[in-house]
Amino acid sequence: MGVRAAIARKPKVPEIRKGDTVVVLSGRDAGKRGTVERVIRRQPAPRGRSMFRRGTTAGGVSVVVEGLNIAKRHTKSRQSSSSTDRMPKIQQGGIFDIAQPLPIGRVMLVCPNCSRPTRIAHATLENGRRVRVCRHCNQQLEVKA
Ligand SMILES: [Zn+2]
């Protein structure tokens with residue numbers, strides 16, 4: 001049992017966060033922009049064989065972007081057999097739009113200052129806080145919550 005916990009404690013600033021505007025680089029929605037609704041972080045495979053899994057991006061992070069990568073879910077209306085008088089479990093049928101997660105490698109952050117897709121640089125402020133910086137205009141990319 002090796003002691004490797006210290007390695008994982010690296011204080012890394014996430015590249016893309018909730019509330020960021022991103023542009024999709026490839027796929028059906030290529031070129032479209034949207035706001036990040038959710039960042040999903042998948043743990044690296046716990047069995048120690050992750051080196052052999054192909055197609056995994058570093059860290060396995062994906063993002064759900066509002067209104068993009070939509071999957072239409074067709075749902076039939078159905079009635080549960082266990083319906084009571086109080087709760088007739090009828091599920092309304094219809095088509096639901098569900099935003100599917102996009103691998104982080106398929107999106108690029110759009111700078112809110114110069115509105116160009118940008119790569120991210122990191123800077124450390126005087127108070128020690130790490131911030132993301134646009135490589136084009138050198139402005140901070142922090143989202144004002
Ligand atoms: Zn910029």
Side-chain angles (χ1 to χ4, degrees), residues 1-80 82 87-145:
M1 300 295 145
V3 184
R4 320 186 73 183
I7 298 165
R9 282 251 140 215
K10 212 162 98 184
K12 203 184 174 218
V13 180
E15 296 287 299
I16 290 179
R17 295 180 197 164
K18 183 184 173 183
D20 285 342
T21 301
V22 293
V23 61
V24 181
L25 299 175
S26 61
R28 192 162 42 101
D29 286 325
K32 290 185 188 173
R33 293 180 182 198
T35 306
V36 174
E37 252 179 13
R38 204 146 55 92
V39 178
I40 300 163
R41 219 169 289 245
R42 226 169 275 127
Q43 295 298 322
R47 285 182 198 117
R49 289 218 172 185
S50 56
M51 301 274 279
F52 300 100
R53 278 179 62 195
R54 284 188 290 166
T56 40
T57 47
V61 183
S62 50
V63 290
V64 176
V65 183
E66 192 183 2
L68 294 186
N69 204 30
I70 294 295
K72 300 273 188 196
R73 283 282 156 75
H74 296 255
T75 312
K76 284 178 190 160
S77 62
R78 56 177 165 231
Q79 191 164 359
S80 162
S82 62
M87 295 178 70
K89 290 190 179 175
I90 298 168
Q91 193 181 341
Q92 194 98 48
I95 302 168
F96 298 94
D97 292 345
I98 297 161
Q100 297 288 108
L102 285 158
I104 205 115
R106 277 184 57 196
V107 300
M108 201 168 193
L109 184 64
V110 174
C111 173
N113 299 296
C114 61
S115 77
R116 282 196 278 173
T118 183
R119 288 180 55 210
I120 299 162
H122 294 110
T124 308
L125 298 180
E126 284 176 15
N127 60 13
R129 218 182 130 212
R130 299 194 68 197
V131 292
R132 301 170 303 163
V133 174
C134 172
R135 283 203 197 267
H136 295 302
C137 63
N138 287 321
Q139 295 293 308
Q140 283 183 35
L141 292 166
E142 297 316 303
V143 182
K144 305 282 186 288

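Note that ligands are numbered from 1 as they come in the structure, with each ligand's atoms numbered from 1 the same way.
Counting heavy atoms of neighbouring residues, nucleotides and ligands inside a 6.0 Å radius, atom CZ of Arg38 does not exceed 12 of them.
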Table please: side-chain donor-acceptor pairs of residues 25-33 below 3.5 Å, with sequence neighbours left out.
from: Ser26; atom 1: OG; to: Arg106; atom 2: NE; distance (Å): 3.3
from: Arg28; atom 1: NH2; to: Ile70; atom 2: O; distance (Å): 3.1
from: Asp29; atom 1: OD1; to: Lys32; atom 2: NZ; distance (Å): 3.0
from: Asp29; atom 1: OD2; to: Asn69; atom 2: N; distance (Å): 2.5
from: Arg33; atom 1: NH1; to: Ser115; atom 2: O; distance (Å): 3.4
from: Arg33; atom 1: NH2; to: Ser115; atom 2: O; distance (Å): 3.4

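Minimum interatomic distance between Pro117 and Met108 (heavy atoms only, all atoms of both residues): CB-SD, 4.1 Å. Scanning both residues, Val39 and Val36, for their nearest heavy atoms gives CG2-CG1, 3.9 Å. When every heavy atom of Arg129 is checked against every heavy atom of Asn127, the shortest pair comes out as N-OD1, 3.0 Å.
Contact check for Ile40 versus Ser62: side-chain heavy atoms found under the 4.5 Å cut-off.
Around the Zn ion (ligand 1), the protein contributes the following N, O or S atoms under 2.8 Å, ordered by chain and number: Cys111 SG, Cys114 SG, Cys134 SG, Cys137 SG.
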